[in-house]
Undergrad: 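Got a structure for you, written out below as structure tokens; questions coming shortly.
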Amino acid sequence: MSNHVPHIIEVAIPLHLDRTFHYRVPREMEGQALAGRRAFVPFGRRRLTGYILGNVTEPPPHELKEIFEVLDPEPLWTDSELEFFRWVAYYYLHPLGEVLKTALPAGINIQDRKGSGQDDPTVSGGKAIKTEIVYRAVAPCEPAPHLGAKAADILGVIREAGDIPAAELRRRFGTCSPQLKRLAELGLVTGETREVYRNPFGDDAVKRDTPRVLSPHQQAALDALCAALDRHAFAPFLLHGVTGSGKTEVYLQAIDQALGQDNNALVLVPEISLTPQLVQRFRARFGHGIAILHSGLSDGERYDEWRRIRRGQARIVIGARSAIFAPLARIGIIIVDEEHEASFKQADGLRYNARDLALVRGRMERAVVLLGSATPLVTSRYAAEHGKLALLTLPERVEHRPMPTVELAPMKGVATAISPLLVPALEATLAAGEQAIIFLNRRGFATYLVCAECGAPLACPNCSVSLTYHRQRGQSVCHYCDYAIPAPGICPACGCQELKELGAGTERLEHDLRELVPQARILRMDSDTTGGKGSHGRLLARMSDGSADILVGTQMIAKGHDFPGVTLVGVVNAEASLGMPDFRAAERTFQLLSQVIGRAGRGDAPGRVVVQTLNSDHYAIQNAVRHDSDAFYRQELEFRREVGYPPFSFLACLGFSGTTERPVEEHAETIARLLTQLKREKGLRVEILGPAPAPLYRLRGRFRRQILLKSPTRNDLRRLIAAWQQNRPAVSTIREYVDIDPVDMM
DNA sequence: AGCACGCCGACT
DNA sequence: GTCGGCGTGCTC
């Protein structure tokens, strides 16, 4: 017997450990324990699912454990996908195992076995893959002996259909398993089990549409994209098109070109469950072969879509940020719609930005990357000016529809939530049989309740915020941790029974509007009224079919919907987002206002917008009102230059939290000193700001501090953080996180 | 992240 | 004398 060389594999573990681990492979699993599959492994005293990265030729100098089982028959990722995942792990300073776990669909882990409770690793979940039985006729069409009438009918149907699922036969014939059993025994039909994909579309058919004639600007943009597609090299573009300028049509025709080259297309949208109209347009143009990935899918549905993509059965993938990890091969074009949207940034765990990763994956895949927006990021426009992105512009609305007229309604000294300027405008709109949207990015009835006696606001005991009063629910609610108490409540400070309501939310607006315009049919849409699955669509449908006159809502009504009947838009408290703890507060305010303003007059009637604000002089509001994104860009860029924020620097935010305040504070101070020391030793150009209490200095019962790092180069920033992580003192009572390129620092 | 081990206070 | 608090250290 020759010396048997033990088979050793490298495994990434989905834990906050930046190392990988090695295992021996039992002989009987040698053929299966290959790169790209998951393995069930012993880990400490636990058993968990790891990801096999590959073989190891040099055996490590310590004892190795054996894996229990290989969980997948086929690889879950390709070499080029792994290269992308490694890049993500490196850039965001996050363990590869965690990146893989984030990148793979949650449904795949239904058969995970974790913890020490389950000792039998051979028990398979079997829940993730759905199957059906399909019947098929096998014998030639000759007269069959001794069949009952029902069996004969069933046979006829099967022969006619070729193959047919059992569920379909059951729908047409009722109970039919005795007949099917007999037909199978006679050798006339066979039943086989086949995997089915749950269909998140439902079965509704879609009207086909055809490419539309492009405006000269659209055509020029498309020509540039097609030329880049022909080159089959990485080519990043910024498509800056005003609201209603027909960006989607450009996307569709560029995708068509990519498909014609036998390549596939990846489309990222901010939150697809909020943009059914966009998905419908894709389906109408391309029919089947579209996979959808978004947060509204169940784990099983998500896994099914993922498998369809992996097997090459979808040529277009449309999805929210996690779709950047879709297992799509031969990507010809990646489109990021509404590229300025903050929701492309994941706010916890692996804090990746799908908009940025689109450029990274596009470079690796030699694809065209198209970032589209009516209000591009300041950093994107800057990149375009400096030749990093090729700029395409659509400066006009389609069919030469004019931009809406916008008036400012200053609210200084105005006591009501709705400006007296807005009421006659609403009445005129209703009288003309048209519709209105009232936008306020704040839900609830009153922002907070204040004690009439001692002036203390009603605050959350777990978070450093005031409670929002919800009148319909009869509760005061914390919007950060869902703490709720019955309202109105008494003052916790002095016991006084009288609490004053301050600051209006959408619920209050709806209430006031019912009094101000009693003839109107009013609809409110915010996360309080769109709880159930499908309620979102039902509310929108009532607006589309004209059975509502006024839609009141938060930012969820600002995006992605075309309401041709809407001619009036009211914006309440336009300056609200200026006060956010975010260096992009002005940019976000400008973007949000521009989006809302763009909702008016997308049909034939011209639009009118009334913007209520206490801060009508601010450049974000002024320029949004004037539809002047160039002026906004110049002023905002000047501001960023003065304070040294992106694009003039790169940022990272280090966060620390714990249940008692003092240790968190001390820990953050220690880390800041350590960082300062490391920075000197290595001569890195990084500015270390803080530690400071986080804007939400208490959240869900945890005290929070943060350190902001600023640097002229990405590399110095990540070298400093990596150096810290290498000599990181282990303190398990305090949680730490690293946020590279933070977009908000709450 | 778990889940150990380990070394100090209040209990039968 | 032990039960158990949570500090800190390891997991192929």
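All values derive from a computational prediction rather than experimental measurement. What you see below is based on every heavy atom in this structure, not just the backbone, and it leaves out hydrogens, waters and symmetry mates. We name chains A, B, ... by the order of the sequence lines, and we start the count at 1 in each one.
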Undergrad: Which whole-number value in Å describes the distance from A/Leu48 CG to B/dC3 C1'?
TA: 12 Å
Undergrad: Measure from CG on A/Asn55 to P on C/dC12 and round the result to the nearest Å.
TA: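 Those two atoms, CG and P, are 20 Å apart.
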Undergrad: Looking across every strand, which nucleic acid part, if any, lies under 4.0 Å from A/Leu17 by heavy atom: base, sugar-phosphate, or nothing?
TA: base
Undergrad: For residues 649-678 of chain A, which residue pairs qualify under salt bridge (Lys or Arg N to Asp or Glu O under 4.0 Å), counting only residues two or more places apart or in two chains?
TA: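 For residues 649-678 of chain A, and leaving out neighbouring residues, the salt bridge (Lys or Arg N to Asp or Glu O under 4.0 Å) pairs sorted by first residue read A/Glu661-A/Arg705, A/Arg662-A/Glu665.
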Undergrad: Contact class for A/Glu63 vs. all strands (heavy atom < 4.0 Å): base, sugar-phosphate, or nothing?
TA: sugar-phosphate
Undergrad: Base, sugar-phosphate, or nothing for A/Tyr23, non-hydrogen atoms under 4.0 angstrom?
TA: sugar-phosphate
Undergrad: Distance check needed: B/dA1 P versus A/Asp348 CG, whole Å only.
TA: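 The answer, rounded to whole Å, is 12 Å.
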Undergrad: Calculate the interatomic distance between A/Leu64 atom CG and C/dT11 atom P; express it in whole Å.
TA: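 Rounded to whole Å, this separation is 12 Å.
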Undergrad: Taking the side chain as every heavy atom from C-beta outward, state whether A/Leu357 and A/Phe84 have any pair of such atoms under 4.5 Å apart.
TA: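 The answer is yes, as the side chains (C-beta and beyond) meet within the 4.5 Å cut-off.
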Undergrad: Within the structure provided, determine whether A/Gln555 and A/Leu592 are in side-chain contact (heavy-atom separation under 4.5 Å).
TA: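 Side-chain contact under 4.5 Å: yes.
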Undergrad: Mind checking whether A/Arg355 and A/Leu377 have side chains closer than 4.5 Å, heavy atoms only?
TA: yes
Undergrad: Grab the NE2-C1' distance between A/His7 and C/dC12 for me, whole Å please.
TA: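 Distance check: A/His7 NE2 to C/dC12 C1' gives 15 Å.
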Undergrad: How close or far is atom P of C/dC10 from atom CZ of A/Phe21, stated in whole angstroms?
TA: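 Value for this atom pair: 12 Å.
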Undergrad: Would you call the rings of A/Phe21 and A/Phe43 parallel, tilted or perpendicular, taking 30° and 60° as the class edges?
TA: perpendicular
Undergrad: May I ask you to verify if any side-chain N or O of A/Arg46 is less than 4.0 angstrom from the OP1 or OP2 atom of B/dC3?
TA: no
Undergrad: Where the side chain of A/Thr733 is concerned, which of C/dT11, B/dA1, C/dC6 is the nearest nucleotide?
TA: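 Closest of the options to the side chain of A/Thr733: C/dC6.
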Undergrad: Let me know the distance between CZ of A/Phe43 and P of B/dA1, rounded to the nearest Å.
TA: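 After rounding, the gap between these two atoms is 13 Å.
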Undergrad: Quick one: A/His16 NE2 to B/dA1 P, roughly how many Å, whole number?
TA: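 In whole Å, B/dA1 P lies 5 Å from A/His16 NE2.
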Undergrad: Please pick, from B/dC3, C/dT11, C/dC12, the nucleotide with the shortest atom-to-atom distance to any side-chain atom of A/Arg45.
TA: B/dC3
